[in-house]
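Order of listing sets the numbers, starting from 1, for every ligand and every atom in it. The analysis underlying the following values was restricted to heavy atoms, covering all of them including side chains, and did not include hydrogens, waters or symmetry mates.
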Amino acid sequence: MINLFRFGKPFNTESTVKVIPPCAETMPSNFGATISTNISFLYEYKLQKDNIIFGLGENLHGINKRGNKYVSYCSDDPNHTENKESLYGAHNFLIVYSPSEPVNNSFALFFDYPGEILFDVGFTEENKLVVSTKRKSIDLYLITADKSDSNILVSITTQFRSLIGQSYVPPLWAFGFQQSRWGYQNEKDITTVYEQYKKAGIPLDAIYLDIDYMKDFKDFTVDSERFPDLEVFAKNMKDNGIHLVPIIDAGVKIEDGYDVYEEGVSKDFFCVKEDGSVFTAAVWPGITHFPDFLNPAAREWFGNLYEKLLSKGIDGFWNDMNEPAIFYTPDAVENAFKKIKEYEGKNIGIHDFFNFRDTTNVCNLRSDYKSFYHKVPTELAGDYCSESNQSGVRATVNEKSGDSLKNQYTMVCHDDIHNLYGYNMTRSASESIEKLEKEKRVLLFSRASCIGMHRYGGIWTGDNQSWWSHLELNIKMLPSVNMCGFIYSGADTGGFGSNCSRELLLRWCQFSIFAPLFRNHAAAGTRNQELYNYENVDDFKTAIMFRYALLPYIYSEFLKAALENKLYFSPLSFEYSNDIRALEVEDQLLVGDSIMCAPVYEQNARGRYVYLPEDMGLVRITPLTDFSSLETLPVLPYKKGSYWIDIAQNEFVFFIRKDKAIPFCNLKKSNIATKDIDIKKVSLLGFKVNEERLLYTQYLDDGISKITEKSVEKRTLYL
Ligand code: GLC
């Protein structure tokens with residue numbers, strides 16, 4: 001059951017697809033108290049000792065979010081240390097789960113709100129959940145399970161996901177292994193990556209083009225010295241099974257003669273400052289303007305620019321820097337210089353010293369986010385126009401065609417709707433690509449995101465580091481991200497910043513083989529992180545080969561999750577909610593319906609403890625595994641309980657759940673890409689306890705055509 005409680009006149013974020021009429025009554029007190037003043041909004045709930053809080057998507061800490069504070073405000077910050085409160089996404093959905101009273105006392109909340117939200121989940125006061133926003137207008141959805149629901153957590157999550165609409169489904173090739181690095185300069189670099197992978201016999205489906213493919217980092221341009229004929233190059237690579245995936249950044253370089261810049265200015269498609277002048281900020285290309293993705297006309301204009309690359313045979317994109325990240329604004333730099341001058345020649349005290357030191361910090365300043373505006377269709381803006389009136393910005397704008405309501409816009413301050421920016425950039429791309437590519441699906445994912453964007457693209461979890469703690473965070477984050485609709489997701493495998501050790505990369509790959517988005521990506525200046533650069537490359541090959549063998553399962557379970565609003569990665573508690581121990585396990589995940597993975601995420605570990613909430617069958621993959629006859633793999637029965645499992649560095653294990661099976665492909669050779677895998681020709685591996693035959697329902701399609709009701713085949717396979 002979903003109820004909507006509306007406070008004030010909220011901004012319409014377009015995050016939901018179902019129209020639910022707002023409740024006339026106030027929220028029942030057993031689900032917490034809401035306090036909406038003239039200025040702000042507050043929600044409070046007294047937590048029971050055993051309550052577990054799930055959700056909050058891309059965020060720090062564990063699967064159970066209890067005990068910490070989180071700030072939903074899309075932030076460009078690669079150092080996800082424990083003291084941080086915001087990451088790249090803003091996913092305002094949480095579940096309060098009561099193990100002792102699951103039916104009556106479990107519920108979920110979705111705070112549909114475009115700006116900053118504070119979630120204090122038992123941090124300030126251990127037994128209090130407090131959610132607050134600066135503005136008073138907000139849509140609060142309350143989701144409860146029916147008494148008859150056998151699985152409360154699944155029911156609540158599925159209801160929420162049906163509220164926000166079907167998750168994005170990429171083409172099948174995007175489930176292959178992908179290699180990226182910031183620093184690939186030209187055709188030669190890309191060709192080397194392809195050839196080295198081929199030589200190592202490691203399957204590969206995509207190589208990424210980071211900012212260096214562009215001419216001076218200008219969106220939708222290609223540097224013709226580095227890539228003399230991208231169309232021919234992309235075709236040749238595709239003939240080898242490799243898709244090229246270019247990056248698109250949010251900022252448009254200011255440069256006379258650059259068509260995107262000139263058109264954007266002439267059509268009024270960039271964000272503006274209070275005085276109506278175009279807002280300027282520096283990112284990779286130097287000084288840029290930010291497209292106003294909140295303005296539907298600007299969205300359509302920018303989205304159509306992807307055609308420039310689609311027409312060259314490109315079929316995948318990653319949208320970046322779209323929080324939007326700001327290195328500095330000329331205004332902030334000017335202010336910094338003014339302040340520095342104030343200190344010149346003075347004998348500064350200790351407080352002054354700290355202030356002086358902070359003056360040069362001009363990155364991602366909140367004051368910059370407060371200084372620019374979007375042109376939002378008035379019917380979506382709720383009561384957000386009033387403040388812009390006060391600030392002197394022209395509150396409503398009638399487009400050239402006169403007064404018709406349809407063309408009426410309201411100027412809204414960026415800071416108030418900050419979390420919708422990356423979402424609408426990706427929506428812009430997706431809506432145009434949908435029209436431009438009539439037949440096929442295109443890969444699209446984003447760094448910044450907000451619930452609603454999951455319908456248009458996937459996410460990668462932004463810049464991270466080659467740290468063991470970030471591998472652990474990756475494991476814990478993916479189920480939460482799935483709850484919020486982002487099924488096509490994954491981290492930069494191996495870590496983006498810092499140098500990655502062989503052991504960390506290998507262990508990370510052994511986990512990422514289960515993640516829908518499996519991309520190795522690293523920052524310029526770090527150790528070369530392509531798998532073939534490390535010793536004993538066959539250990540990596542084993543992991544990647546297994547990924548390709550498992551593709552029929554991964555793809556099928558992904559389709560189920562996307563089409564039926566399920567989780568692809570679930571915490572154990574979602575399946576074994578009556579098992580007190582399972583509720584606390586955060587380093588083992590269910591992958592679809594049949595597999596439980598138990599990755600090793602600690603340095604020098606040669607095994608790990610695993611908790612089995614029911615009898616399961618252990619499968620071990622080693623460099624000796626014969627990928628041409630995987631049906632011969634032993635599935636070792638284990639009884640419910642705790643075990644130490646030896647897992648050498650070049651091995652990994654996973655478990656098949658009781659009476660479940662997994663479809664896989666035998667691989668005859670190793671130099672392959674997804675195009676060489678026939679997901680229709682599969683065998684099954686299973687763990688049978690009961691006498692009956694095992695069955696698996698495989699979801700499949702041609703891997704590329706648009707998803708329609710009829711395009712996905714569901715077939716039952718028996719073992
Ligand atoms: C940002 C992205 C990263 C990319 C870099 C250069 O930091 O998050 O993935 O490599 O910019 O474009």
Subject >> Ligand-side contact atoms (ligand 1) for residue partner H521, heavy atom cut-off under 4.0 Å >> reply: 3 (C), 4 (C), 9 (O), 10 (O)
Original post:
Would you say ligand 1 has an N or O under 3.5 Å from any N or O of D320?
Top reply: yes
Original post:
Atom CZ in F518, atom OH in Y548: separation rounded to 0.5 Å?
Top reply: 8.5 Å
Original post:
Just one of Q529, R181, E530, Q178 clears the side chain to side chain donor-acceptor pair (under 3.5 Å) bar with N520, so which one?
Top reply: Q529
Original post:
For residues Y73 and R366, is any side-chain donor paired with an opposing acceptor at under 3.5 Å?
Top reply: yes
**OP:** Note the single closest protein heavy atom to atom 8 (O) of ligand 1, along with its residue, its atom name and the distance in Å.
**Re:** D463 OD1, 2.4 Å
Subject >> Side chain, backbone, both or neither: the part of W318 lying under 4.0 Å from ligand 1 by heavy atom >> reply: side chain
Subject >> Pair S72-N92, side-chain donor/acceptor within less than 3.5 Å >> reply: yes
Original post:
For ligand 1, does W460 get within less than 4.0 Å through its side chain, its backbone, both, or neither, judged by non-hydrogen atoms?
Top reply: side chain
Original post:
Relative to atom 10 (O) of ligand 1, which among D76, D210, D212 owns the nearest non-hydrogen atom?
Top reply: D210
**OP:** Could you list which atoms of ligand 1 come closer than 4.0 Å to a heavy atom of I247?
**Re:** 12 (O)
Original post:
With backbone taken as N, CA, C and O and side chain as the heavy atoms from C-beta onward, which portion of D492 lies under 4.0 Å from ligand 1: side chain, backbone, both, or neither?
Top reply: neither
**OP:** Could you tell me which atoms of ligand 1, counted from 1 in the order shown, lie closer than 4.0 angstrom to a heavy atom of R447?
**Re:** 1 (C), 2 (C), 7 (O), 8 (O)
Original post:
Do NZ/NE/NH1/NH2 and the carboxylate oxygens of R447 and D76 come within less than 4.0 Å?
Top reply: yes
Subject >> D331 bridged to K273 by N-O distance under 4.0 Å >> reply: yes
Subject >> Atom pair SG (C484) and CZ (F110), whose distance is rounded to the nearest 0.5 Å >> reply: 8.5 Å
